[in-house]
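Some notes on the structure that comes next.
Throughout, a chain's letter reflects where its sequence line sits, starting with A, and its residues are numbered from 1.
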Amino acid sequence: MPEGHTIHRQVVDQAPLLVGRAISVSSPGGRWAHVAAAVDGRVLRTLEAHGKHLFYVFDHRRVLHVHLGLAGRLRHHGPAAGPTRPDPPRRDTALRLETPELTVDLSTPRTCEVIDAVTQGRVIARLGPDPIAADDDRDLAGRLATYRGPVGTALLDQAVIAGIGNVYRAEILFLCGIHPERPASSLSPSECDVLWATTSRLLRAGVDDGGRIITVDRREAAADRRRTYVYGRRRCARCGSVIRRWDVGGRTAWACESCQPAWTGPGWTGPGWTGPAPTGSGELSP
DNA sequence: ATACCATGAACAG
DNA sequence: TGTTCCTGGTATC
């Protein structure tokens, strides 16, 4: 499940075994041979993550840039000589990275390219702050104050915060008690502070949990083994109300409208808005 | 066996 | 705003 925590987890797992070593890079499927050739045999200097983007920085100042998208995956294999010798690469493997200690297979990435440091800087400059790496929210309140659209859309905008995906969006807004359709600009500075702190806490926990997304408090949800409060659920793990799922910002929002009451202030156009006086016959249009 | 939906985001218009 | 790409898990036949 490639949200930002997945990528940071890859850094935690890969960096100790790859940084400082020459990496053999190949493209088993052949489609990415030009990418493999550009970094094959080079020594890895650093491995960096920002949001959902992963950067392998090599000694000749070339940078392998990977974004998994929806279907991309990174699979690890043990050393060729050890008990967990790597499987033969799957046909869809874009790149295989190998050292004596670790083999990493990248399959069906959204982005797989070799760039320079300037381009890497541009990619990162397009992104908002990464709540796993950064302690500073870089004025999240200011960005939300001028954001035109619901907070549920803003949280998936990687220029606002880098690394949130649809699962975390649902869980963050639940834990903050914020309705997904509230105008982003209606959040108070203190709500923005809580939003950032919650985001940072959840994503960091996701890294520590090995990339799994576990947001529930074990005491609160002791009765079942689900890992979320609202995402993927029929009923709220806290109050039992039926979860509503509908489109917000082009993705499915999941929310408990008891725990996340609808906003009825300025800008709200959802249920409860009386609107202009009805005209015509009063019948609903087909 | 087959259909559908999903953790993402670029692109067209 | 809608279309498109990719794989994999789950549901349905």
Run through the side-chain heavy atoms of Ile, Leu, Val, Met, Phe, Trp and Tyr, join any pair under 4.5 Å, and report what else lands in [X]'s cluster.
X	answer
Val248(A)	Trp246(A)
Ile115(A)	Phe55(A), Val57(A), Val63(A), Val123(A), Ile124(A)
Leu70(A)	none

Notebook entry, point to check: When all nucleic acid strands are considered with a 4.0 Å heavy-atom cut-off, which category describes Arg245(A): base, sugar-phosphate, or nothing?
Noted result: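 Arg245(A): backbone/sugar contact only, no base atoms under 4.0 Å.
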Between [N] ([atom2]) and [X] ([atom1]): distance, integer Å:
X	N	atom1	atom2	result
Leu155(A)	dA9(B)	CG	P	13 Å
His65(A)	dA9(B)	NE2	P	10 Å
Asp247(A)	dG8(B)	CG	P	14 Å
Tyr231(A)	dA6(B)	OH	P	7 Å
His50(A)	dG8(B)	NE2	C1'	16 Å
Arg251(A)	dA6(B)	CZ	P	9 Å
His67(A)	dT7(C)	NE2	C1'	16 Å
Leu70(A)	dT4(C)	CG	C1'	12 Å

Checklist line | Rounded distance in Å between the P positions of dG8(C) and dA10(B) | finding: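 After rounding to an integer number of Å, I get 23 Å for this pair.
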Notebook entry, point to check: Within the side chain of Arg227(A), is there an N or O that forms a donor-acceptor pair under 3.5 Å with the backbone of Ile213(A)?
Noted result: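 Absent.
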Check: Can you pull the side-chain hydrogen bond (donor to acceptor under 3.5 Å, both in side chains) pairs that have at least one residue in residues 159-170 of chain A, sequence neighbours excluded?
Finding: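 As it turns out, the side-chain hydrogen bond (donor to acceptor under 3.5 Å, both in side chains) pairs with a partner in residues 159-170 of chain A, which skip direct neighbours, are Asn166(A)-Arg169(A).
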Next item on the list: Would you list the pairs meeting side-chain hydrogen bond (donor to acceptor under 3.5 Å, both in side chains) in which at least one residue belongs to residues 18-37 of chain A, sequence neighbours left out?
Entry: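 Passing the test, one end in residues 18-37 of chain A: Arg21(A)-Glu101(A).
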Short heteroatom pairs, N/O only, protein and nucleotides 8-11 of chain C, under 3.5 Å:
{"residue": "dG8(C)", "atom": "OP1", "partner": "Arg75(A)", "partner atom": "NH2", "Å": "2.7"}
{"residue": "dG8(C)", "atom": "OP1", "partner": "Arg90(A)", "partner atom": "NH2", "Å": "2.5"}
{"residue": "dG8(C)", "atom": "OP2", "partner": "Arg90(A)", "partner atom": "NH2", "Å": "3.0"}

Note to self: Taking only side-chain N and O atoms of Thr111(A), does any of them lie within less than 4.0 angstrom of OP1 or OP2 on dA9(B)?
What the structure shows: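 No.
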Check: According to a strict under-4.0 Å criterion, is Gln158(A) in side-chain N/O contact with OP1 or OP2 of dA9(B)?
Finding: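 Yes.
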Note to self: Suppose we screen for side-chain hydrogen bond (donor to acceptor under 3.5 Å, both in side chains). Which residues come up paired with Arg9(A), at least two apart in sequence or across chains?
What the structure shows: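 Residues passing side-chain hydrogen bond (donor to acceptor under 3.5 Å, both in side chains) with Arg9(A): Asp13(A).
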Tell me which donor-acceptor pairs under 3.5 Å the side chains of residues 170-178 of chain A have, and how far apart each pair is, sequence neighbours excluded?
{"residue": "Glu171(A)", "atom": "OE1", "partner": "Thr215(A)", "partner atom": "OG1", "Å": "2.4"}
{"residue": "Glu171(A)", "atom": "OE1", "partner": "Tyr229(A)", "partner atom": "N", "Å": "2.7"}
{"residue": "Glu171(A)", "atom": "OE2", "partner": "Tyr229(A)", "partner atom": "N", "Å": "3.4"}
{"residue": "Glu171(A)", "atom": "OE2", "partner": "Val230(A)", "partner atom": "N", "Å": "3.0"}
{"residue": "Glu171(A)", "atom": "OE2", "partner": "Tyr231(A)", "partner atom": "N", "Å": "2.9"}

Within the sub-3.5 Å range, which N or O atoms of nucleotides 10-13 of chain B have a protein N or O partner, and how far apart are they?
{"residue": "dA10(B)", "atom": "O4'", "partner": "Arg110(A)", "partner atom": "NH2", "Å": "2.7"}

Next item on the list: Output yes when Glu113(A) and Arg62(A) qualify as a salt bridge under the 4.0 Å nitrogen-oxygen rule, no when they do not.
Entry: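 No.
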